[in-house]
Amino acid sequence: MAGDGEEVRNKQVLARDYIDGNPKETDMYFNTSSISLKVPEGSKEVLVKNLYLSCDPSMRGIKAKIPDRLFYSFAPHSPIVGHGAAKVLESRHPDFKKGDFVWGVTKWEEYSLITMTESLFKIQHTDVPLSYYTGLLGMPGMTAYAGFYELCSPEKGEYVFVSSAFGAVGQLVGQLAKLMGCYVVGSAGSKEKVDILKRKFGFDEAFNYKEEHDLDAALKRCFPEGIDIYFDNVGGKMLDAVLLNMRFHGRIAVAGMISQYNLDQPEGIRNLLSLVYKRIRIEGFTVYDYYHLFPNFLDLVLPHIREGKIAYVEDIAEGLENGPAALVEIFSGHNVGKQVVVVARE
């Protein structure tokens, strides 16, 4: 380990430019710079050694800056930005000290000087794998928790549908619903993922949306009595079909709309009248509004993980050099489980 204040080489993954749509490996390139292992005096910055980096659907391209965006994964000739777990090497922030483990927004490089410390969380529980804080116990896990409990107000015995159920968010939503005594169905994009949803995650039923020519019929097959709660990660045709199958006073939490992100002209939703007839509540949300509930989330989820009541599947890519390929894979659905890039194990 290098000494304090020493200049060290810092391998990085940089973006070539702003991009439109899903990233390709050619949108990224490698660079080696140098970084001082010293935090500037008078600042509240934190210097970290990155250990695990998260590959998330939100790490997509944009053509230019959007004012209300928290951060940009792809900005020209800058390191890729996303969530990760890291170890503090030096800190001038009162909440973090040398040797702490943290998770939050970081850069795709070996060492990062973090200025946006409001998006950083100290890891108090290290008896579970640190990589979990890129998914199950990090931003995706909090998304599942906030959307399901805060927006959907679930009750035992209700009928719950989760789209993109094999993703890091959907995995947890389905299992939280099962632990509450709900009937749970998920959709995913391959036979292998459908099988794992039922066998490992305990979903009552699951289907491969790519093989269903009529989504309305598929939902009626799985939910003959209708849907109380829909956790939406995809939007589009799936949301339109769900609206026809919601029960009275149903709740829909919209965490994302991955089917729409790359369309020049977003698809319309035709069945919105169901909202009126069935008194359905639909609400979009972003996880950043709910981070104040992180301690409550840990209190609920950690005991279940320790007791083996919540399962979790990771797809691990070793080394920063394999990061771009791993990130690209999640947009084609080739990853099996939460995609994580290991920069260093400590």
Side-chain angles (χ1 to χ4, degrees), residues 11-31 48 50-66 68-86 103-110 112 114 116 119-121 131-144 164 166-171 189 233-235 255-263 285-288 291 314-317 319-343:
K11 278 195 299 189
Q12 304 171 299
V13 179
L14 273 57
R16 290 194 189 280
D17 205 341
Y18 289 119
I19 61 168
D20 186 24
N22 297 340
K24 304 181 293 295
E25 286 190 60
T26 51
D27 293 319
M28 298 167 259
Y29 66 98
F30 290 95
N31 181 58
V48 301
N50 290 308
L51 304 176
Y52 299 94
L53 299 173
S54 180
C55 297
D56 295 300
S58 56
M59 296 174 67
R60 305 175 59 265
I62 50 166
K63 289 179 181 175
K65 286 208 166 195
I66 302 168
D68 58 359
R69 184 93 172 228
L70 180 70
F71 63 84
Y72 300 87
S73 290
F74 289 82
H77 307 295
S78 299
I80 304 299
V81 178
H83 287 81
W103 73 270
V105 176
T106 189
K107 297 175 182 176
W108 279 41
E109 55 190 359
E110 290 178 289
S112 292
I114 295 180
M116 204 166 67
S119 66
L120 213 56
F121 296 83
S131 60
Y132 280 23
Y133 289 91
T134 68
L136 182 61
L137 293 175
M139 180 271 290
M142 267 303 298
T143 302
S164 190
F166 198 80
V169 176
Q171 277 188 36
N233 290 303
V234 300
M257 290 197 168
I258 202 164
S259 70
Q260 304 302 295
Y261 295 153
N262 289 344
L263 302 181
F285 74 102
T286 175
V287 68
Y288 303 109
Y291 274 148
E314 292 181 302
D315 195 332
I316 302 285
L320 191 59
E321 63 277 7
N322 291 312
L327 178 59
V328 169
E329 285 280 272
I330 72 166
F331 294 97
S332 61
H334 288 150
N335 58 303
V336 178
K338 166 65 187 171
Q339 186 68 64
V340 180
V341 177
V342 181
V343 183

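Source: prediction; values computed, not measured.
The closest donor-acceptor contact from the side chain of Ser73 to the backbone of Val81 lies under 3.5 Å. Side chain of Ser119 to backbone of Gly104: no donor-acceptor contact under 3.5 angstrom is found. Under the 3.5 Å distance criterion, the side-chain polar atoms of Arg16 are left unmatched by any main-chain donor or acceptor of Tyr29. Side-chain N or O atoms of Glu110 include one that pairs as donor or acceptor with a backbone N or O of Lys11 at under 3.5 Å. A donor-acceptor contact shorter than 3.5 Å links the side chain of Ser54 to the backbone of Thr134.
Taking CD1 from Ile114 and CG from Asn50, the interatomic distance works out to 6.5 Å, rounded to the nearest 0.5 Å. Annotation: the span from Ile80 atom CD1 to Met28 atom CE amounts to 6.0 Å, rounded to 0.5 Å. Of the inter-residue distances, the one linking Trp103 atom CH2 with Leu137 atom CG reads 9.0 Å to the nearest 0.5 angstrom. Between the CD1 atom of Ile330 and the CD1 atom of Ile258 there is a distance of 7.0 Å, given to the nearest 0.5 Å. Atom CG of residue Leu14 and atom CZ of residue Phe74 lie 11.0 Å apart, to the nearest 0.5 angstrom. Of the inter-residue distances, the one linking Phe331 atom CZ with Lys24 atom NZ reads 11.5 Å to the nearest 0.5 angstrom.
Taking the six-membered ring for Trp and the full ring otherwise, Tyr291 and Phe121 have centroids separated by under 6.0 Å.
Contact between His83 and Thr106 at its shortest, heavy atoms only, is C-CG2, 4.3 Å. When all heavy atoms of Ala255 and Thr143 are compared, the pair lying nearest together is CB-CG2, 4.0 Å. Between Glu314 and Ser131, the shortest heavy-atom distance links the atoms OE2-OG, 2.8 Å. Summarising the geometry of Gly337 relative to Gln171, their closest heavy-atom pair is CA-NE2, 4.1 Å, with the distance given to 0.1 Å. Heavy-atom minimum distance, Phe166 versus Val336: CE2-C, 3.7 Å. Among all heavy-atom pairs drawn from Val287 and Met142, the shortest one is CG2-CB, 3.6 Å.
Among residues at least two apart or in separate chains, salt bridge (Lys or Arg N to Asp or Glu O under 4.0 Å) pairs with a member in residues 328-339 are Asp56-Lys338.
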How far apart are the C-alpha atoms of Val343 and Tyr52, what are their side-chain angles, what is the distance that settles it, and do they pass the side chain to side chain contact (heavy atoms under 4.5 Å, CB included) test?
CA-CA 6 Å; Val343 183; Tyr52 299 94; over 6 Å; no
